[in-house]
Structure formats: structure tokens, C-alpha cells
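These notes are about the structure you will find just below.
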Amino acid sequence: MPEHHGDPTAEYLALREGTGLVDPGWAAVAVRGPDAVSFLDGLLSQSLVPGRTVRTFLLGPRGKLRAIAWACVDEEAVVLVTDADRRDVLGDDLAGYRIRVKAEITDDDRPVRLLVGPGADEVLGHEVPAGGWVTFDDVLVGDVSMAGRPRRLVLGDADLSAATPAGSLAATALRVELGEPVMDVDVDEGTIPQETGLVPVAVDFDKGCYLGQELVARIDSRGRVNQRLVGIRLTTNVVPPTGSAVRLGDREVGTVTTVAESLDLRAPVGLAVVRREAEDGAAVEVVWEGGSAPAVVAPLPLI
């Protein structure tokens, strides 16, 4: 994805006020068969209800992240969309647990794009129910809205020419504002779910057992983690490099994982993994080789 298509400001405004088209770097895995839903419901952290689109985790046996996904659930099929670099991990992990299960696991190689903005359904020519999905002409569209920002996951060759293409500058700004982590960028296989900020939408604490549940439940009852993903809002007009240290007083308490410029907040912003002593609202210093800038720790989403 290029940084921009000529006018990053117009691209950002399209994502906020019109309809922007983003390449999110996602890929899909399909699980189909009479046991597809029950099989996945025993592995994934969120309850799978036919007709719904849900956020979910695939965890390892010890409760650490393997993949973060969106799941579009049908009666006998589930399409899982995850970061493209994690598709093989997701598919291989699922295949390793498929024993005497009537379900097939395959890569879904249709292109994955993201429509963002209040005009998304108009561009599609189809209305997508809140928290649901629709199909037409071998295209699947799921509602993956976050923080009140309308977003449509589009799997397949739909005509999206009426949308404004947005490059990485605008797309990353939106992702940071929404607090959406990317595996192997903001979080990794050493991350536990409560560190991502996504547990309220990606975990159902009332469902039955699933892979890695014991750690998730234990952390929930304990009520805290040692580190977490947060927003960083710079209080001066300086964009720090990725990998910059976050300092609280004279202590290094975290690392900036993604940076962007938010027109909505009129400030440089970022995602960072910080220790729990860097509380929301804390004044911190972002430090890199040759420079530093003051910032504030902010809860996610930023908008």
C-alpha cells in the first residue's frame, strides 16, 4: 500500500466523513462443514452465532495469542479474516485440532479490502446489518465497525470504484485512533489477551471452554496485567520513530509500536505497549536516538 494516492488529507477525510477504501493487509481462512461452528466454538474465545460477525482470538494452550480474527458465522461455515502474515498460523493451528470433525479448512484467496465511512453501504449497493454480514455475487461483506466508525470487510471482487482509495498514512492514522493492533507489530505470540485492549469485544466469559481459557479467566479474576497496549498522544508536533522508548520520570516503561498523525485529534499519535504504572493520563516522554517529545498516555480507542 502506498503512503498516499496524491492527497493524504483528503484520504483521511474520506475515511471519516465519506467512504475510503483501504487495503488492510488481511487474508481469510474458511471452515466449512456440519461441525464447523461447534468445532471452532471450542477453540475460539468468542461465541459463534450464525448470522453474526464477531471479533475473536485464537490462543495457544497457555493462553498467549496465536491470531486475532474477525469471524463471519453461518450455519455450517465460518470465514475467519486475520492479518495476512498470520493466515498460515491460523489455518495450521486449526488443522492440528481437527480430529474426527466434519469440517474442511481451506485458504479463501478472494481479495480482502476494507470500506470505511458512513457511505460504505451506499458504495456497496447493499445494506449490512449491524454486527452481521451479507453475501452477493460471490462477495462476502461483514460489519467490522469499531468505536462508532462504520467499517465493512469486503471479501471478493466487488465494484468499489466509487470509494476513495486511502494510502498507509490515512489508514494507519485510523487504525491507531481505533486502537486496532496488528500481530507481530503491536502484539505478538508472547501477548496475553488482556494486554491487547480487545477483551471486551473478543472474549465471551459466559461461553464454555475454549483453547487458552484458563489463563484468560485467571487474569480476569485477578483484575490486572503487567503491561498493556495504550494510545500515546504527543503534545508537540513531532512524530517519533517506531520503536521509541516511553519514559515515566527516569524509568523506561514501554515501547512505541506504531505512529501516525491524527487530523481528528490534531496531534501525532501512536500505539505503545507500556507497563501498568503508566496509567491513563500520565505525562510521559517519548525518547529516541537524537530526540524526544512529551506525550500523554491515553486509553483506547483514541476517538
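No hydrogens, no waters, no symmetry mates; every other heavy atom, side chains included, goes into these values.
Test Leu211, Leu43, Asp93 against Arg66 for side-chain contact (heavy atoms from CB on, under 4.5 Å) and you get one pass: Asp93.
Gln213 approaches Cys209 most closely through the heavy-atom pair OE1-CA, 3.1 Å. Taking each heavy atom of Pro301 and Ala147 in turn, the nearest pair found is CG-CB, 3.6 Å. For Ile232 against Ala272, the heavy-atom pair with the smallest separation is CG1-CB, 3.5 Å. Between Val31 and Ala103, the shortest heavy-atom distance links the atoms CG1-CB, 4.0 Å. Closest non-hydrogen pair, Ala170 versus Ala166, comes out as CB-CB, 4.3 Å. The shortest non-hydrogen separation linking Thr236 to Ala293 is CG2-CB, 3.8 Å.
The neighbour count for Glu285 CD, taken as heavy atoms of other residues, nucleotides or ligands under 6.0 Å away, is above 12. Shown here is Glu3, whose CD atom has no more than 12 heavy atoms of other residues, nucleotides or ligands within 6.0 Å.
By the side-chain hydrogen bond (donor to acceptor under 3.5 Å, both in side chains) test, Asp92 pairs with no residue at all, sequence neighbours left out.
Atom OG1 of residue Thr56 and atom CG of residue Leu198 lie 10.5 Å apart, to the nearest 0.5 angstrom. The distance from the CG atom of Leu48 to the CZ atom of Phe39 is 11.5 Å, given to the nearest 0.5 Å. The line from SG of Cys72 to CZ of Arg52 is 11.0 Å long, rounded to the nearest 0.5 Å. Taking CD of Glu261 as the start and CZ of Arg266 as the end, the distance is 14.0 Å to the nearest 0.5 Å. Here Leu59 contributes atom CG and Leu65 contributes atom CG; the two are 6.0 Å apart, rounded to the nearest 0.5 Å. Here Leu140 contributes atom CG and Asp137 contributes atom CG; the two are 12.5 Å apart, rounded to the nearest 0.5 Å.
In summary, Arg113 and Asp23 do not engage in a salt bridge, as defined by a charged side-chain N under 4.0 Å from a carboxylate O. With respect to Lys64 and Glu195, no salt bridge is recorded, no charged nitrogen being found less than 4.0 Å from a carboxylate O. With respect to the salt-bridge test (charged N to carboxylate O, under 4.0 angstrom), the residues Arg149 and Glu180 do not qualify. Between Asp35 and Arg98 no salt bridge is recorded (no basic side-chain N to carboxylate O distance below 4.0 Å).
Put simply, the side chain of Val216 reaches to within 4.5 Å of the side chain of Tyr210, judged on heavy atoms. At least one side-chain heavy atom of Trp288 sits less than 4.5 Å from a side-chain heavy atom of Val238. Contact check for Leu40 versus Leu94: side-chain heavy atoms found under the 4.5 Å cut-off. Residues Asp108 and Arg32 form a side-chain contact, since some pair of their non-hydrogen atoms from C-beta on lies under 4.5 Å apart. Leu229 places none of its side-chain heavy atoms less than 4.5 Å from the side chain of Thr196. At a threshold of 4.5 Å between non-hydrogen side-chain atoms, the residues Pro129 and Val134 count as touching. With contacts defined as side-chain heavy-atom distances shorter than 4.5 Å, the pair Trp133/Val79 does not qualify. A heavy-atom distance below 4.5 Å is not found between the side chains of Asp157 and Val139.
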Full working for side chain to side chain contact (heavy atoms under 4.5 Å, CB included) between Val284 and Leu248: CA-CA 5 Å; Val284 295; Leu248 179 65; 4.0 Å; yes

Side chain to side chain contact (heavy atoms under 4.5 Å, CB included) evaluation trace for Arg251 with Glu277: CA-CA 10 Å; Arg251 292 169 296 161; Glu277 55 261 38; 4.0 Å; yes

Test log, rule side chain to side chain contact (heavy atoms under 4.5 Å, CB included), inputs Val154 and Leu114: CA-CA 6 Å; Val154 183; Leu114 189 63; over 6 Å; no

Audit row: Arg87, Val29, side chain to side chain contact (heavy atoms under 4.5 Å, CB included) steps and yes/no: CA-CA 7 Å; Arg87 180 169 73 170; Val29 171; 3.4 Å; yes

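A distance-only check finds no donor-acceptor pair linking the side chain of Ser244 to the backbone of Val286 [under 3.5 Å]. At distances below 3.5 Å, not a single donor-acceptor pair connects side-chain atoms of Asp204 with backbone N or O atoms of Gln46. Judged by distance alone, the side chain of Thr53 and the main-chain N or O of Gly132 form a donor-acceptor pair under 3.5 Å. At distances below 3.5 Å, at least one donor-acceptor pair connects side-chain atoms of Asp188 with backbone N or O atoms of Gly190. For Arg110 (side chain) and Asp138 (main-chain N/O), a donor-acceptor pair under 3.5 Å exists by modelled atom type. With Glu214 contributing its side chain and Arg62 its backbone, the two residues share no donor-acceptor pair below 3.5 Å. Checked by atom type and distance alone, the side chain of Thr242 never pairs as donor or acceptor with a backbone atom of Thr258 at under 3.5 Å. Formation of a donor-acceptor pair under 3.5 Å by the Asp83 side chain with backbone atoms of Asp85 is not found in this model. A donor-acceptor distance shorter than 3.5 angstrom exists from the side chain of Thr235 to the backbone of Pro294, with no hydrogens or angles considered. In this structure, the side chain of Thr82 engages the main chain of Ile68 through a donor-acceptor pair within 3.5 Å.
By the rule that hydrophobic residues join a cluster once side-chain heavy atoms approach within less than 4.5 Å of another member, Leu44 and Val78 end up as members of one cluster. Placement of Val185 and Val259 in two distinct hydrophobic clusters is found when ILVMFWY residues are connected by side-chain heavy-atom separations under 4.5 Å, directly or transitively. In the hydrophobic clustering of this structure, Ile105 groups with Leu90; members are Ile, Leu, Val, Met, Phe, Trp, Tyr whose side-chain heavy atoms approach within less than 4.5 Å, directly or through other members. Connection of Leu302 to Leu271 is established within a shared hydrophobic cluster, with ILVMFWY side chains joined at heavy-atom distances below 4.5 Å, either directly or through further cluster members. Both Val22 and Leu174 belong to a single network of hydrophobic side chains, linked directly or stepwise wherever heavy atoms of I, L, V, M, F, W or Y lie under 4.5 Å apart.
Residue pairs meeting the side chain to side chain donor-acceptor pair (under 3.5 Å) criterion with at least one member in residues 9-22, sequence neighbours excluded, are Tyr12-Glu177, Arg16-Asp264. Sorted by first and then second residue, the salt bridge (charged side-chain N to carboxylate O under 4.0 Å, His left out) pairs involving residues 219-246 (not counting sequence neighbours) are Arg228-Asp280.
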